[in-house]
Amino acid sequence: MNKTSFCVANWKMNKDFNESIFYLEKLKKIDLSENKSNIIICPSYLDLHELVKYKEKIKGIDFGAQNVFSEPKGSFTGEISVSMLESIGCKWVILGHSERRVVLGETDLDIAKKMKLVYESKLNPILCIGESLLEKEQKETSVVLKRQINTAFNSIDFKKNKNILIAYEPVWAIGTGVAASVADITNNIKIIKNIINNIDTKDCNIYLLYGGSVDGNNASNIFSINEVDGFLIGTASLSIESFYKIYRQI
Ligand code: PEP
């Protein structure tokens with residue numbers, strides 16, 4: 001592997017504290033020194049504070065939150081702010097995951113507000129974008145990707161150097177066991193590159209991930225696409241064995 005790459009585990013609402021520790025203890029025993037890919041684990045908010053300590057115990061691992069609130073501070077019962085995440089040593093945050101867009105009603109504008117706050121903080125965003133099945137069938141994929149990226153980037157004043165991960169996650173491929181084809185991913189990642197190339201993102205390092213039913217059988221094929229810099233993994237990240245199987249292929 002000679003490109004900078006990322007293997008992001010999105011545990012969603014699946015692991016409690018003990019299960020999370022059990023997983024990381026197992027990961028700690030694996031020799032990761034051969035592979036230079038960056039692992040980012042995104043556990044529940046609750047466990048982040050304790051789990052970030054594993055950064056000292058496992059080389060090449062980092063942690064991210066699965067979400068953050070769109071306001072910096074105030075009377076927003078139950079929400080978590082950017083500065084709260086910064087203060088516990090969290091480095092990454094997933095924004096705009098399709099489950100938040102579809103199930104929890106997040107809009108492109110909500111996500112844009114979060115992007116701006118995150119961009120101005122010490123956190124780095126993992127922005128999720130992707131079309132639904134209906135949008136794919138109606139051949140609206142490129143319009144959707146353009147709207148999602150342009151809105152998310154619109155209010156950012158690109159003045160500082162930042163790592164930004166964009167995860168192309170077709171909604172119809174998430175959690176279904178059916179990944180997008182290599183041809184579709186290649187095509188849509190090119191569309192995403194073109195959209196980004198038309199925005200003056202200055203010195204930002206933008207990496208493109210694919211997400212949607214990545215597993216040990218399709219990872220190396222998808223990673224062989226030049227523009228794919230890694231994966232955002234849901235289901236297959238829940239077991240250390242299946243996650244590691246993917247990790248070894250990048
Ligand atoms: C996801 O939820 O971001 C995801 C990619 O899930 P899965 O790997 O299960 O499709």
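Read the numbers this way: they start at 1 and go in the same order the structure lists the ligands and their atoms. What you are looking at is a predicted structure, and each value in this text was computed from that prediction instead of being measured.
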| task | Mind telling me whether Phe76 and Phe69 have parallel, tilted or perpendicular rings, with 30° and 60° as the class edges? | result | tilted
Just distance, no hydrogens or angles: give the donor-acceptor pairs under 3.5 Å from side chains in residues 88-100, sequence neighbours left out.
residue: His97; atom: ND1; partner: Glu99; partner atom: N; Å: 3.0
residue: Glu99; atom: OE2; partner: Lys12; partner atom: NZ; Å: 2.7
residue: Arg100; atom: NE; partner: Glu106; partner atom: OE2; Å: 2.6

Identify, for [atom], the protein heavy atom at the shortest distance, and state residue, atom and that distance.
atom                   : answer
atom 1 (C) of ligand 1 : His97 NE2, 3.2 Å
atom 2 (O) of ligand 1 : Lys12 NZ, 2.5 Å
atom 5 (C) of ligand 1 : Glu169 OE2, 3.0 Å

With atoms numbered from 1 as shown, which atoms in ligand 1 lie under 4.0 angstrom from a non-hydrogen atom of [X]?
X      : result
Thr235 : 7 (P), 8 (O), 9 (O)
Gly212 : 5 (C), 10 (O)
Leu232 : 3 (O), 5 (C)
Gly175 : 7 (P), 9 (O), 10 (O)
Ser213 : 7 (P), 8 (O), 10 (O)

Please name the pair of heavy atoms, one in [X] and one in [Y], separated by the smallest distance, quoted to 0.1 Å.
X      : Y      : answer
Pro170 : Gly211 : CD-O, 3.5 Å
Asn161 : Cys204 : OD1-CA, 4.3 Å
Ile80  : Val68  : O-CG2, 3.5 Å

| said: With a 6.0 Å cut-off (strictly less than), is the heavy-atom count around NZ of Lys73, excluding the residue itself, greater than 12? | reply: no
| Does atom NZ of Lys55 have more than 12 heavy-atom neighbours from other groups under 6.0 Å away? |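 It does: Lys55 NZ has more than 12 such atoms within range.
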Hey, does [X] come in under 3.5 Å of ligand 1, counting only N/O atoms on both sides?
X      : value
Gly234 : yes
Ile233 : no
Thr176 : no

| said: Can you tell me if Ala173 contacts ligand 1 (heavy atom of the residue under 4.0 Å from the ligand)? | reply: yes
| message | Just to check, does Ala236 reach to within less than 4.0 Å of ligand 1 when the distance is taken from its heavy atoms? | response |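 False for this residue.
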| field | Short N-O contact, Glu241 and Lys245, less than 4.0 angstrom | value | no
| task | Just let me know how Cys128 lines up against ligand 1, side chain, backbone, both or neither, with a heavy-atom cut-off below 4.0 Å. | result |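 Under 4.0 Å from ligand 1, Cys128 contributes no heavy atoms.
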Show the atom names and distances, to 0.1 Å, of all donor-acceptor pairs under 3.5 Å that link a side chain in residues 175-191 to residues at least two apart or in another chain.
residue: Thr176; atom: OG1; partner: Trp172; partner atom: O; Å: 3.2
residue: Thr176; atom: OG1; partner: Ala173; partner atom: O; Å: 3.3
residue: Thr176; atom: OG1; partner: Val178; partner atom: N; Å: 3.2
residue: Thr176; atom: OG1; partner: Val178; partner atom: O; Å: 3.4
residue: Ser181; atom: OG; partner: Asp184; partner atom: N; Å: 3.0
residue: Asp184; atom: OD2; partner: Lys136; partner atom: NZ; Å: 3.1
residue: Thr186; atom: OG1; partner: Val182; partner atom: O; Å: 2.6
residue: Asn188; atom: ND2; partner: Tyr168; partner atom: OH; Å: 2.9
residue: Asn188; atom: ND2; partner: Asp184; partner atom: O; Å: 3.3

